[in-house]
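None of the values given here were measured: they were computed from a predicted structure.
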Amino acid sequence: MNQSPLLQAIELHKAFDGEAVLEGVSLSVEEGQSAVVMGPSGTGKSVMLKHFVQLHRPDRGEVWVAGERIDQLRGDQLDRARRQMGYLFQGGALFDSMSVRENLAFVLERNTSLDAEARRERILETLEWVALTHTLDQYPAELSGGQRTRIALARAAVLRPRILLYDEPTTGLDPIAVRRVAQLIRRLQEERGITSITITHDLLLA
């Protein structure tokens, strides 16, 4: 018997202030797959992606994650489903008032029962993976655009999620930085088996 897709949107409809943004959008992503959704700005790509973590709820349609219909979940059930997923927001959305260490620690403190030493080890391991351990005590304003994106990716991956969702991760980056981010996304898929959706209009990243 064929398994269901790990991520699935079925006939999504979403409007804001009466203006339709999504009109019957469907998408299926199998476990271990790295999918790319391309298109010009303003066509609803990010709106579609945010349905998978229920930052938006559909006006009509269904959203499934790992066999659960996530658009019907609330409270603790929704929080549990979300913990399977990491989300890299456009622009990174790092906390400017926190150091790199504190940005990653914040996620671990809120979502795990790891003690301080285990959190420290997890943070160092994750930063080593993105080749940015030297930025541990720096603040986002002290980093380049490419470094900020890689730190944001590290923060999304520090919980070791099953799924990663990338929303325009390379906006404003130069081609060298774009290639580094693309290589990291591919490594996460190949080495950790992470399933992902990347929203982009960047042909080089795709």
Side-chain angles (χ1 to χ4, degrees), residues 1-93 107 111 149 152-153 155-171 178 181-182 184-190 192-206:
M1 181 181 294
N2 291 332
Q3 291 184 321
S4 299
L6 187 62
L7 298 167
Q8 190 172 26
I10 302 173
E11 289 290 319
L12 287 188
H13 291 258
K14 186 67 178 177
F16 296 99
D17 298 323
E19 183 174 343
V21 177
L22 302 178
E23 297 182 277
V25 171
S26 296
L27 174 71
S28 293
V29 182
E30 303 294 332
E31 185 158 14
Q33 184 179 6
S34 178
V36 175
V37 178
M38 294 194 70
S41 298
T43 53
K45 302 185 304 298
S46 295
V47 171
M48 182 274 296
L49 193 70
K50 288 175 180 176
H51 279 75
F52 285 106
V53 287
Q54 289 300 282
L55 294 176
H56 294 315
R57 291 191 179 273
D59 298 332
R60 300 203 321 269
E62 302 176 10
V63 186
W64 293 80
V65 175
E68 283 191 296
R69 188 170 167 184
I70 196 170
D71 61 289
Q72 294 185 331
L73 301 182
R74 300 289 188 275
D76 291 343
Q77 288 183 316
L78 178 57
D79 289 341
R80 175 182 47 75
R82 282 172 168 163
R83 280 194 286 272
Q84 301 179 80
M85 296 177 276
Y87 196 105
L88 179 54
F89 289 91
Q90 187 172 348
V107 175
N111 295 283
T149 298
L153 196 159
R155 188 178 64 179
V158 74
L159 291 176
R160 298 176 179 170
R162 187 178 179 186
I163 297 158
L164 276 168
L165 305 173
Y166 305 98
D167 189 358
E168 298 281 9
T170 56
T171 297
V178 170
V181 171
L184 286 171
I185 292 172
R186 178 61 81 186
R187 280 184 61 200
L188 280 166
Q189 179 203 15
E190 293 177 346
R192 300 191 182 185
I194 286 178
T195 303
S196 66
I197 302 175
T198 302
I199 300 295
T200 188
H201 59 264
D202 187 326
L203 283 170
L204 179 58
L205 174 64

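- Shown here for Val36 and Ala206, the closest heavy-atom pair between the two residues is CG1-CB, 4.0 Å.
- Looking at residues two or more places apart in sequence or on another chain, you find no side-chain hydrogen bond (donor to acceptor under 3.5 Å, both in side chains) involving Thr149.
- Atom CG of Leu204 is separated from atom OG1 of Thr170 by 7.5 Å, given to the nearest 0.5 angstrom.
- Considering every non-hydrogen atom in both Val65 and Ile163, the closest pair reads CG1-CD1, 3.8 Å.
- Contact annotation: the side chain of Ser46 approaches that of Ile199 to within less than 4.5 Å [non-hydrogen atoms, C-beta and beyond].
- Between atom CD of residue Gln8 and atom CD1 of residue Ile70 there is a gap of 13.5 Å, rounded to the nearest 0.5 Å.
- Residues Leu27 and Met48 are in side-chain contact: their nearest non-hydrogen atoms beyond the backbone lie under 4.5 Å apart.
- Across all non-hydrogen atoms, the minimal contact from Ser34 to Ile185 is OG-CG2, 4.4 Å.
- Atom-to-atom distance recorded for Gln72:CD and Arg74:CZ is 8.5 Å, nearest 0.5 angstrom.
- Side chains of His51 and Arg57 form no contact here, defined as non-hydrogen atoms less than 4.5 Å apart.
- Between Leu88 and the choices Thr198, Leu165, Leu153, the side-chain contact (heavy atoms from CB on, under 4.5 Å) rule is met once, by Leu153.
- Note that CE of Met85 is 9.0 Å distant from CG of Leu6, once rounded to the nearest 0.5 Å.
- Counting only residues at least two apart or on different chains, no salt bridge (charged side-chain N to carboxylate O under 4.0 Å, His left out) pair has a member in residues 196-206.
- Formation of a donor-acceptor pair under 3.5 Å by the Ser26 side chain with backbone atoms of Ile10 is not found in this model.
- Annotation: salt bridge (charged side-chain N to carboxylate O under 4.0 Å, His left out) contacts of Arg187 (sequence neighbours excluded): Glu191.
- Listed by chain and residue number, Lys50, Val53, Phe89 satisfy the side chain to side chain contact (heavy atoms under 4.5 Å, CB included) test with Leu55 (two or more places apart in sequence, or in another chain).
- In terms of the salt bridge (charged side-chain N to carboxylate O under 4.0 Å, His left out) criterion, Arg186 has no residue partners (sequence neighbours excluded).
- Residue pairs that meet the salt bridge (charged side-chain N to carboxylate O under 4.0 Å, His left out) test with at least one member in residues 61-72, sequence neighbours left out, are Glu62-Arg69, Glu68-Arg80, Arg69-Asp71.
- Applying the side chain to side chain contact (heavy atoms under 4.5 Å, CB included) test to Ala156 and every residue at least two apart in sequence or in another chain returns Leu164.
- Listed by chain and residue number, nothing satisfies the side-chain hydrogen bond (donor to acceptor under 3.5 Å, both in side chains) test with Thr171 (two or more places apart in sequence, or in another chain).
- Residues Ile197 and Tyr166 form no side-chain contact, since every pair of their non-hydrogen atoms from C-beta on lies 4.5 Å or further apart.
- Under the side-chain hydrogen bond (donor to acceptor under 3.5 Å, both in side chains) criterion, Arg160 pairs with Glu125, not counting sequence neighbours.
- Ile194 CD1 to Glu190 CD: the interatomic distance, rounded to the nearest 0.5 Å, is 12.0 Å.
- Residue pairs meeting the salt bridge (charged side-chain N to carboxylate O under 4.0 Å, His left out) criterion with at least one partner in residues 21-45, sequence neighbours excluded, are Glu31-Arg162, Lys45-Glu168.
- When the salt bridge (charged side-chain N to carboxylate O under 4.0 Å, His left out) test is applied to Glu11, no partner is found at least two apart in sequence or on another chain.
- Taking every heavy atom of both residues into account, Val181 and Pro169 meet most closely at CG1-CB, 4.4 Å.
- Considering only residues two or more places apart in sequence or on other chains, Val107 meets the side chain to side chain contact (heavy atoms under 4.5 Å, CB included) condition with Asn111, Arg155, Val158, Leu159.
- Contact detail for Trp64 and Phe52: the closest heavy-atom pair is O-CE2, 4.1 Å.
- Two residues are said to be in side-chain contact when any heavy atoms from C-beta on lie closer than 4.5 Å; Gln90 and Asp167 meet this criterion.
- Going from atom NE2 of His56 over to atom CG of Asp59 covers 10.5 Å, rounded to the nearest 0.5 Å.
- Within the 4.5 Å cutoff, the side chain of Leu188 has no heavy atoms near those of the Ser196 side chain.
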